[in-house]
Structures are given as C-alpha cells and as structure tokens.
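Note that this is a predicted model, so its numbers are computed, not measured.
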Amino acid sequence: MGPPSPTRMALIQPISAARWLLVLILIAGIYFFHGFVVPVLAALVIAFASWPLFVRLRARLGGSRTIAASVAILLILSFLIIPVAIAISYAAKELHTWFDWAYQTNRIGAPTPEWLLNIPRIGSWLDEQWVRYVGHPGAIGELIQLASGANIGNISRALLAAGGGAFNLFLTLLFMLIALFFVYRDGEAFTAQLDKLGERLLPTRWERLSGVVPATISSTVTGMTLIAIGEGVLLGFCYWLAGVPSPVTLGVLTGIMALIPGGAPLSFTLVSIYLVASGSLFAGIALFMWGSVELFIVDKTLRPRLVGGPIKLPFLPTFFGLVGGVKTMGFLGLFIGPVLMALLVAIWREWLREAEIVEAREQALEAEAEKELPTPTRKTG
C-alpha cells in the first residue's frame, strides 16, 4: 500500500478563521453603511414608540402586516407634512409682515423704538446707531448692498451649503421611512431572531436587558413630548398674561426648544429680558421667576420619572444622556442618549445584583460551616 501520506496542519484553525472573517465583514459593513445609521436609528425610535398603536392598527386591518405598515407610513407622513406646512405658511405670513416693515422703513425711515430708548445706560447710544444705520430713508438698502457686495462669496457658499443640507435631510427622511416600513412589517420576526442570538450570548441577562431598550425609548419619546407640550402651553399662557407680542408663536418655539437641554430657560429668559427692556419690569421678573420654578419642578421630578422608563434614571444620568446625545447625534441623540445611559445603569445594577448574590452565598456557606464545627467540651477534674 505504500507509506501513509503526512497529515497537513492548518496554519489557522477553521474556527479562528471564521471569527476573523466575521470581524472583517462587520468592519466592512460599518465602513460602507455608516451613513445609514442615523435614519435606521430614527426608524427604530419611531417604531418602538408607536408599536402599541401599530399593533392596534394591524388588528383593525385584518392582521396584514404589509397593509398595516403602508397605512402607518402614510399616517406618519401626514403627521410630519401637515404641521410643517402650517408652520411654513405661518412663517411666510410673518416674513411678509417683516418685509413690509423693511420696505416702508427703507422708503420713509423709522423712529427708534421706545424700548430701545428706555434701556438704561446704553439707550442713547442705541438711538444713535439706529438713526445712523436703520432710521433714515434708504438705510436698509445700503446695508443690504454693503453686506452682499463684501460677502458675496460667503453668501453663495452658505446658499450652496443650505441646499446640500436640505437635500441630505430629504434623503435621510426617505431612508428613514423605507427602514420604518420594513421594521413595521418584519419587526417581530427580526426580534425573535435577535432573542435567539442574545440568549446564546447572554443566557442569564438577555431577558432583562432586552426589555430595557424598547421600554426606555417609548417612555423617553412620550415623556419628552409631553414635557415639551406642557412647557410650551404653560409658558405661552404666561407670555399672553405678560403682554408679549405673538405669544402663540413664542409658546410653540419654547415647546420646540424644550426638547433640547437648556432650550426652555433660554427662551423664557430672552422674553423676560425683552419685557424688562420694554418697561414691564414686574412682568419680566415674574415671568423669569415662574419659568425658573416650573423648570426646577420639571427637571427634578417629572423628567427623571418619564424619561428614565423602567430603569428610573436619576437626574444626573438623565441630563448627561440628553446633553451627550445631542452633542454626538443632534436631535436624534435626545432619544438615543437616555437609552444608552439606561443600558449602562442596567448593566451596573446587574453587576451589583450579582455581587450581592455572591456575597449572600458566601455568608450562607460561612454560617453553615460555623454550625458544623464541633463545640469544645470542658474537662472536669
């Protein structure tokens, strides 16, 4: 039969080669598809927050996932388009009013506003600057010519950047809606596959950790939306009581700014400064004090309870999650940041729980060992 052929030893074991190949594929996927991370995360946030409503919609439509997902996407589109259209039309009216004022001021001039004259110490200086640059006929046209002539390159680059940003925003919204459709349609099947994989990776912890993400996202979206609406309504009503012009517009802007950490205090502080500068000292101080008290109550009591979800995040982790999320991912980080912070807190509490269990077992073993030790007997002589 002849001598047996020598066995060949593999340079890399098959398991190690498969693991390295999987790592390389993951790295390549992240490199090529990192631009889709934001729309996919946005789709997941919307899906987690609206999943109970989608389940009811699917039940009413006979259980068809494709039809229910299509109807849900149409409802979300209407929810996005209708408020944006209303805001654009309202902004167009406001801009038309400002354009009329600028046209009349450029044609016949305009006196210095009373609230500028009443500002202590710098009122006279502001009056001089107003007369020099705005008040006399043709002043606004001169300012426009001066700004456009000296900065025509910067203006053109800013317009190109704005156009590119609008196109990127459109693409992001389109990809988000496409991803959201498939999340609605195939979300349950993907969740089941993810649970199988998670149980193999974290067999004792996956069930507890996997429930944190959807519950935290849902509570964060709901809580922040309710807080923003509440602050916008309350502060808008206060603006109306204080006699601020356009209180509805300022209330809506305050509600939008309330989604961002520090946005609501900035809004009512600026309005308070305007009231004080226009001569309404008591109204300005009262508005600032009420806004500070209301913000303290919301940030110390309501926001941690609503945003933390099942983890019940304290104020400091909630604040860090919101600020860090906005700094890293923009508006979407308002919802992703608290979720990541909730996961960190959940993992920390899991470690503490395991440490307490181990400590309790050790104490129980020590107690049993002490019971089994024989008691010493005294010898009588």
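To the nearest 0.5 Å, atom CG of residue Leu250 and atom CZ of residue Phe268 are 14.0 Å apart. Interatomic distance, Leu234 CG to Tyr239 OH, rounded to the nearest 0.5 Å: 11.0 Å. Rounding to the nearest 0.5 Å gives a distance of 9.0 Å between CG of Leu295 and OG1 of Thr269. Residue Phe175 holds its CZ atom at 9.5 Å from CZ of Phe170, rounded to the nearest 0.5 Å. Taken to the nearest 0.5 Å, the CG atom of Leu177 stands 11.0 Å off from the OG1 atom of Thr172.
Qualifying ring pair (Phe, Tyr, Trp, His ring centres under 6.0 Å) partners for Tyr184, counting only residues two or more places apart in sequence or in other chains: Phe54. With sequence neighbours excluded, the residues that form a side chain to side chain contact (heavy atoms under 4.5 Å, CB included) with Ile357 are Arg353, Arg361. Annotation: side chain to side chain contact (heavy atoms under 4.5 Å, CB included) contacts of Leu281 (sequence neighbours excluded): Val276, Ile285. Evaluation of the ring pair (Phe, Tyr, Trp, His ring centres under 6.0 Å) rule for Trp240 yields Phe237 as partners, not counting sequence neighbours.
Contact between Leu275 and Leu287 at its shortest, heavy atoms only, is CD1-CD2, 3.9 Å. For the pair Ser70 and Phe181, the tightest heavy-atom approach, listed with the atom from each and the gap, is OG-CE1, 3.4 Å. The two residues Glu231 and Ala258 come nearest to each other via the heavy atoms OE1-CB, 3.0 Å. The minimum heavy-atom distance linking Gly255 with Ala228 is given by the pair O-CB, 3.3 Å. Here the closest heavy-atom approach between residue Arg65 and residue Arg185 is recorded as CD-O, 3.3 Å. A pairwise comparison of heavy atoms in Leu235 and Gly291 identifies CD2-CA, 4.3 Å as the closest pair.
Think of Phe282 as one node in a network of Ile, Leu, Val, Met, Phe, Trp and Tyr side chains linked at under 4.5 Å; it has no links at all. Ile67 forms part of a hydrophobic cluster together with Leu57, Leu61, Val71, Leu75, judged by ILVMFWY side-chain heavy-atom separations under 4.5 Å.
In terms of hydrophobic clustering, with Ile, Leu, Val, Met, Phe, Trp and Tyr side chains grouped at heavy-atom distances under 4.5 Å, Leu53 and Leu180 are assigned to different clusters. Cluster membership check: Val252 does not share its hydrophobic cluster with Leu241, using side-chain heavy-atom separations under 4.5 Å among Ile, Leu, Val, Met, Phe, Trp and Tyr. Under the 4.5 Å side-chain heavy-atom criterion for grouping Ile, Leu, Val, Met, Phe, Trp and Tyr, Ile73 is connected to Leu174 within one hydrophobic cluster.
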Worksheet item: After noting the C-alpha distance and the side-chain angles of Arg58 and Val55, does the key distance pass the side chain to side chain contact (heavy atoms under 4.5 Å, CB included) rule?
Response: CA-CA 5 Å; Arg58 187 179 61 187; Val55 172; 4.3 Å; yes
**Request:** In sequence, state the C-alpha distance, the side-chain angles, and the governing distance for Met257 and Thr254, and then conclude on side chain to side chain contact (heavy atoms under 4.5 Å, CB included).
**Result:** CA-CA 5 Å; Met257 292 292 291; Thr254 302; 5.6 Å; no
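Annotation: Trp51, atom CH2; neighbour count of heavy atoms from other residues, nucleotides and ligands within 6.0 Å is above 12.
Inter-residue side-chain proximity for Met176 and Leu173 is flagged as met; some heavy-atom pair is nearer than 4.5 Å.
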